[in-house]
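See below for the structure under consideration.
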Amino acid sequence: VQLQASGGGLVQAGGSLRLSCAASGSTFSINARQWYRQAPGKQREWVATISSAGITDYVDSVKGRFTISRDNAKNTVYLQMNSLKPEDTAVYYCKFVGRYVYWGQGTQVTVSS
């Protein structure tokens, strides 16, 4: 499985972005699709998960602002980010978890104040 993340960019505080992570290859064994982020000088942190059953979970700092979703027909997972804050600035990575773990290459999100 190969993952291609896209959708990052520069946005003002309060704005929105939608990240996409498109998977190529068989995702039959994938049971969780996740987003992580890594800010400069900080460790990578988990942001959101959507399970194979469609159950979602979020880190507290993004609850109510971010929404993870998926399109099975397109083999793609999304992260809709609203009400963005400067502290959301980071490189965002998608991760698929199954028998193996797969990471996307990251997409930069920069939120200006």
Side-chain angles (χ1 to χ4, degrees):
V1 176
Q2 291 187 323
L3 304 179
Q4 181 70 42
S6 61
L10 173 64
V11 64
Q12 288 189 333
S16 298
L17 284 173
R18 188 177 81 154
L19 306 183
S20 299
C21 177
S24 59
S26 175
T27 57
F28 178 78
S29 66
I30 300 300
N31 51 45
R33 294 157 175 82
Q34 301 175 312
W35 286 97
Y36 281 70
R37 66 185 179 186
Q38 187 166 18
K42 295 188 176 182
Q43 290 189 332
R44 191 172 298 189
E45 69 166 347
W46 165 76
V47 175
T49 296
I50 184 165
S51 73
S52 57
I55 299 170
T56 60
D57 196 12
Y58 303 90
V59 66
D60 285 347
S61 60
V62 308
K63 283 181 180 177
R65 300 189 298 122
F66 290 12
T67 302
I68 188 170
S69 62
R70 66 183 184 189
D71 185 331
N72 290 334
K74 295 182 178 180
N75 241 354
T76 299
V77 63
Y78 304 98
L79 186 69
Q80 177 67 44
M81 306 186 295
N82 299 329
S83 303
L84 283 161
K85 304 175 181 180
E87 51 263 43
D88 294 318
T89 295
V91 178
Y92 284 71
Y93 299 88
C94 53
K95 175 185 174 185
F96 281 25
V97 180
R99 181 178 179 184
Y100 303 103
V101 175
Y102 306 93
W103 287 93
Q105 86 286 6
T107 184
Q108 176 71 48
V109 172
T110 303
V111 185
S112 63
S113 57

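These figures come from a predicted structure and were not determined experimentally.
Across all non-hydrogen atoms, the minimal contact from V91 to G106 is CG1-CA, 3.8 Å. Scanning all heavy atoms of the two residues, the minimum distance from P86 to S113 falls at CG-CB, 3.8 Å. Nearest heavy atoms, G7 versus T107: N-OG1, 4.0 Å. Scanning all heavy atoms of the two residues, the minimum distance from Y58 to F66 falls at CE2-O, 3.3 Å. In this structure, A5 and Q105 approach most closely via the heavy-atom pair O-NE2, 2.8 Å. What you find for A48 and L79 is that their closest heavy atoms are CB-CD1, 4.2 Å.
Linking ILVMFWY residues whenever their side-chain heavy atoms come closer than 4.5 Å, directly or via other members, leaves V1 and F28 in distinct clusters. Under the 4.5 Å side-chain heavy-atom criterion for grouping Ile, Leu, Val, Met, Phe, Trp and Tyr, V77 is connected to Y100 within one hydrophobic cluster. Put simply, W35 and V101 are part of the same group of oily side chains (I, L, V, M, F, W, Y) that touch within less than 4.5 Å, one to the next.
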Inset, instruction - Begin with the C-alpha distance, continue with both residues' side-chain angles, and end with the deciding distance and a verdict on side chain to side chain donor-acceptor pair (under 3.5 Å) for S112 and Q12. - result: CA-CA 5 Å; S112 63; Q12 288 189 333; 5.0 Å; no
Inset, instruction - Check step by step if side chain to side chain donor-acceptor pair (under 3.5 Å) holds for T110 and Q108. - result: CA-CA 6 Å; T110 303; Q108 176 71 48; 3.3 Å; yes
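A salt bridge links K63 and D60; the closest N-O separation between the charged side-chain nitrogens and carboxylate oxygens is under 4.0 Å.
At least one side-chain heavy atom of M81 sits under 4.5 Å from a side-chain heavy atom of V109. Inter-residue side-chain proximity for Y93 and L3 is flagged as unmet; no heavy-atom pair is nearer than 4.5 Å.
Atom-to-atom distance recorded for L17:CG and N82:CG is 9.5 Å, nearest 0.5 angstrom. Rounded to the nearest 0.5 Å, atoms OH (Y102) and OG (S24) are 10.5 Å apart. R44 contributes atom CZ, which lies 5.0 Å from atom CD of Q38 (distance to the nearest 0.5 angstrom).
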Tabulate below the donor-acceptor pairs under 3.5 Å that side-chain atoms of residues 67-76 make, not counting sequence neighbours, or state none.
from: R70; atom 1: NH1; to: S51; atom 2: O; distance (Å): 2.8
from: R70; atom 1: NH1; to: S52; atom 2: O; distance (Å): 3.2
from: R70; atom 1: NH2; to: S52; atom 2: O; distance (Å): 2.7
from: D71; atom 1: OD1; to: A73; atom 2: N; distance (Å): 3.1
from: D71; atom 1: OD1; to: K74; atom 2: N; distance (Å): 3.2
from: N75; atom 1: OD1; to: T27; atom 2: OG1; distance (Å): 2.8
from: T76; atom 1: OG1; to: K74; atom 2: O; distance (Å): 2.9

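Under the salt bridge (Lys or Arg N to Asp or Glu O under 4.0 Å) criterion, E45 pairs with R37, sequence neighbours left out.
Residue pairs meeting the disulfide (SG to SG under 2.5 Å) criterion with at least one member in residues 18-113, sequence neighbours excluded, are C21-C94.
In this structure a side-chain-to-backbone donor-acceptor pair under 3.5 Å is present from T89 to V111.
For R18 and Y78, the positive end sits near the middle of the six-membered ring, less than 6.0 Å away and at most 45° from its axis.
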